[in-house]
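Data block below; observations after.
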Amino acid sequence: MIIKPLTLAVIMSGFLVACGGSDSAPDNASSSSSSSSSTASSTSESSQSSSEPVQSDENSLTIQEYDTGFCRLDGTVDSDNEGFTGPGFSNTDNVPNSAITYRVNVPEAGHYALEVRYTSLNTRPGNVQVNDAAAGEFEFATTGSWTSWTTESQTVELDAGDNDIALVATGVDGLPNVDALTVIGATPTAVDCGVNSDGDGLLLPQDGNPVHSRFRSARFAWSQDKADIVLSYQYDHGGWPKNQDYEFEGSGGNDLGTIDNGATVTEMIYLAQVYKDTGETRYRDAVRKAMNYLLDAQYDTGGWPQYYPLRGGYSDHVTFNDNAMTRVLTALYHANLESAPFDTDLFTDSDRAAMAHAIERGVDYILQSQWEQNGELTVWCAQHGKDDYLPKAARAYELESLSGSESVEIIAFLMTQPQTPEVEAAVTAAIGWFRSEDTYLDDHRYDSSIEEKIVYSEGDRMWYRFYDLETNVGFFSDRDGGKYYDIMEISAERRNGYSWGGSYGEKIISYADRVGY
């Protein structure tokens, strides 16, 4: 496996997310309809990502996307506007404080010039921070078009040894599109930031990792004027009910909270953003209470039930269904790393240590529950037993089975973690399962708008929602608990009221290809 290393911080926030979809945050205004992984135009100097920065001479170092020293990006690496160099350009999220971070080493303390090559249709100012301290400002004035590139320079003080250099947006539009950073001074070198502080596994660049999409959209799930209404529905224990439209005031209380359909996690992230924007402590306190609820709800074995306190029945199983557990883990992950909107005084170091422990247990549960066929690892079910790790059934039409849908974000979350031998083995096997011709229906797509649902479409691939545990054959089911292999054999109510297939595997395969899996 070839891994392009980045620092631990790269996996923060919605970092490097380029998966699209209805729940994604808005793209930078420079984006076009082309994919962020599209080939660079003929006017660019290179369309291939590099592994080492350019050292034009001993006193000049240029760092491109994916180079050693390129450590963090709140946004995507894109290649749909002409004139960039290297593999693409950094397109940050359209929010204040979106950032790009680099890491360099210098032999002696002193003044160094930072030269940023960029393009922008409007002025997008930013600060430069060195080792988390303010070190200067960039104007980043308009260049007139998204294909006109220029440079702006700033002189900063660097310490002898390693230095983190961050370009941080101060306006609502984020940063301009940034092509590269050049550091000029006494023998700067790039620092390989792909191994965490314990040295126990490379960390992957997060450009295109689909697990971050829901997190990003949750920050702005409702308009800010809904904040008090959202707050009014929080239960005393810290959780929320699901499927609320938040049109009218709630009454709180102490009913069962849930992580189903994004509940509690979405509200917590949203209110963290509101607190970041307003500083109102009632939102801070609600977020803290929600985090405590999520930590309390985790089983000792590492999984999360659908409802907490427990209500009995299938909802007590560890629930991957509708990406419930991966939403929790992704929120914990970003909060632990203090990525926006958790980059305030919301949590203490002790809180973040508890989150890290919860993530560690969650990863262990995922590894323990990965299904084996004849000794070979495959993917996961929508529900698993909290103690025996085995696939479990839920509703009558949700049979014990491998999930072609939920397994995608489970893999994606594992790819936010240090790629230890155990994690790497799990990811390699699961992605191999999705790549296998035995698991997808070639030249077909799932169309929920028509009665037959599964239609011929040249060049497309469709994965099933459910697969037989032993044969990998996709199937459908109904309220009678039966297993069917023709979607037209199930009732119209279930055929039209449930998602039975989709292009699930494409986004994880695309990301895996990008990072060398």
Side-chain angles (χ1 to χ4, degrees), residues 1-12 15-16 49 51 66 68 70-72 191-212 298-303 318 320 325-326 328-330 332-333 336-337 353 355-381 384 388-391 402-403 406-436 439 472 505 507-517:
M1 182 187 71
I2 301 171
I3 298 178
K4 300 167 185 171
L6 295 183
T7 183
L8 178 63
V10 81
I11 315 171
M12 296 168 59
F15 287 173
L16 301 168
S49 60
S51 59
Y66 302 127
T68 300
F70 179 75
C71 294
R72 160 182 165 179
V191 177
D192 182 350
C193 38
V195 181
N196 68 12
S197 59
D198 297 324
D200 62 357
L202 289 175
L203 292 164
L204 300 173
Q206 294 298 290
D207 182 16
N209 188 333
V211 81
H212 300 298
Q298 187 180 28
Y299 287 130
D300 290 340
T301 50
V318 171
F320 293 123
M325 178 166 156
T326 51
V328 175
L329 284 170
T330 303
L332 292 177
Y333 162 79
N336 178 47
L337 292 178
M355 297 170 202
H357 181 57
I359 292 168
E360 182 180 352
R361 288 193 295 164
V363 169
D364 182 70
Y365 185 90
I366 289 173
L367 297 179
Q368 295 280 355
S369 59
Q370 189 172 15
W371 182 249
E372 289 188 12
Q373 291 173 351
N374 301 318
E376 298 293 328
L377 293 171
T378 60
V379 287
W380 291 265
C381 182
H384 287 258
D388 63 15
Y389 304 100
L390 296 176
L402 298 177
S403 171
E406 282 79 8
S407 293
V408 168
E409 288 199 14
I410 298 172
I411 301 169
F413 182 77
L414 287 179
M415 295 173 83
T416 70
Q417 298 300 293
Q419 298 300 285
T420 62
E422 296 80 9
V423 170
E424 183 180 340
V427 170
T428 299
I431 291 173
W433 186 90
F434 274 98
R435 285 183 172 133
S436 172
T439 63
N472 290 332
K507 54 189 176 181
I508 195 63
I509 290 173
S510 175
Y511 173 57
D513 288 343
R514 179 174 298 177
V515 297
Y517 259 102

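These values consider heavy atoms only, across backbone and side chains, with no hydrogens, waters or symmetry-generated copies.
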Requested in this report: Kindly say whether W371 contributes a backbone atom to a donor-acceptor pair with the side chain of T378 at under 3.5 angstrom?
Outcome: yes
Query raised in the report: Roughly how far apart are K507 NZ and N209 CG, rounded to 0.5 Å?
Result: 10.5 Å
Requested in this report: Return the minimal non-hydrogen interatomic distance between F434 and S403, and the atom names on each side.
Outcome: CZ-O, 4.5 Å
Report task. Can you see which heavy atom on M325 is nearest to which on G362, and at what distance? Result -> CE-O, 3.7 Å
Query - Identified side-chain contact (heavy atoms from CB on, under 4.5 Å) partner of I366 from the options I410, I411, V423 - result: I410
Requested in this report: Please tell me if the side chains of V363 and E422 come closer than 4.5 Å, counting only heavy atoms from C-beta onward.
Outcome: no
Report task. Specify whether F320 and Y365 have parallel, tilted or perpendicular ring planes, treating 30° as the upper limit for parallel and 60° as the lower limit for perpendicular. Result -> tilted
**Report entry** Side-chain touch V318/Y389, heavy atoms, less than 4.5 angstrom
**Finding:** no
Query raised in the report: Checking E424 side chain against P418 main chain: does a donor-acceptor pair fall under 3.5 Å?
Result: no
Query raised in the report: Is a side-chain donor or acceptor of H384 paired with a backbone partner of C381 at a separation under 3.5 angstrom?
Result: yes
**Report entry** side-chain contact (heavy atoms from CB on, under 4.5 Å) partner of S407, the single match among I431, L402, V379
**Finding:** V379
**Report entry** Side-chain heavy-atom pair Y517, Q419 within 4.5 angstrom cut-off
**Finding:** yes
Report summary line: A425 and L377 have their tightest heavy-atom pair at O-CD1, 4.2 Å
Query - Over 12 non-hydrogen atoms of neighbours within 6.0 angstrom of CD in E372 - result: yes
Query raised in the report: Say you draw a straight line from CD of E409 to NE2 of H212; how long is it, rounded to the nearest 0.5 Å?
Result: 10.5 Å
Requested in this report: With rounding to the nearest 0.5 Å, note down the distance linking CD in Q417 to CG in L367.
Outcome: 10.0 Å
Query raised in the report: Distance from T428 atom OG1 to R435 atom CZ, nearest 0.5 Å?
Result: 9.0 Å
Requested in this report: Quick one: pull up CD1 in I359 and CZ in F413 and give me the separation to the nearest 0.5 Å.
Outcome: 5.0 Å
**Report entry** L332 versus A358, closest heavy-atom pair with distance
**Finding:** CD1-CB, 4.0 Å
**Report entry** Distance, nearest 0.5 Å, that separates CG of N472 from CH2 of W433
**Finding:** 6.0 Å
**Report entry** Side-chain donor/acceptor of T330 to backbone N/O of T326, under 3.5 Å
**Finding:** yes
Report task. Please name the pair of heavy atoms, one in I508 and one in M415, separated by the smallest distance, quoted to 0.1 Å. Result -> CD1-SD, 4.0 Å
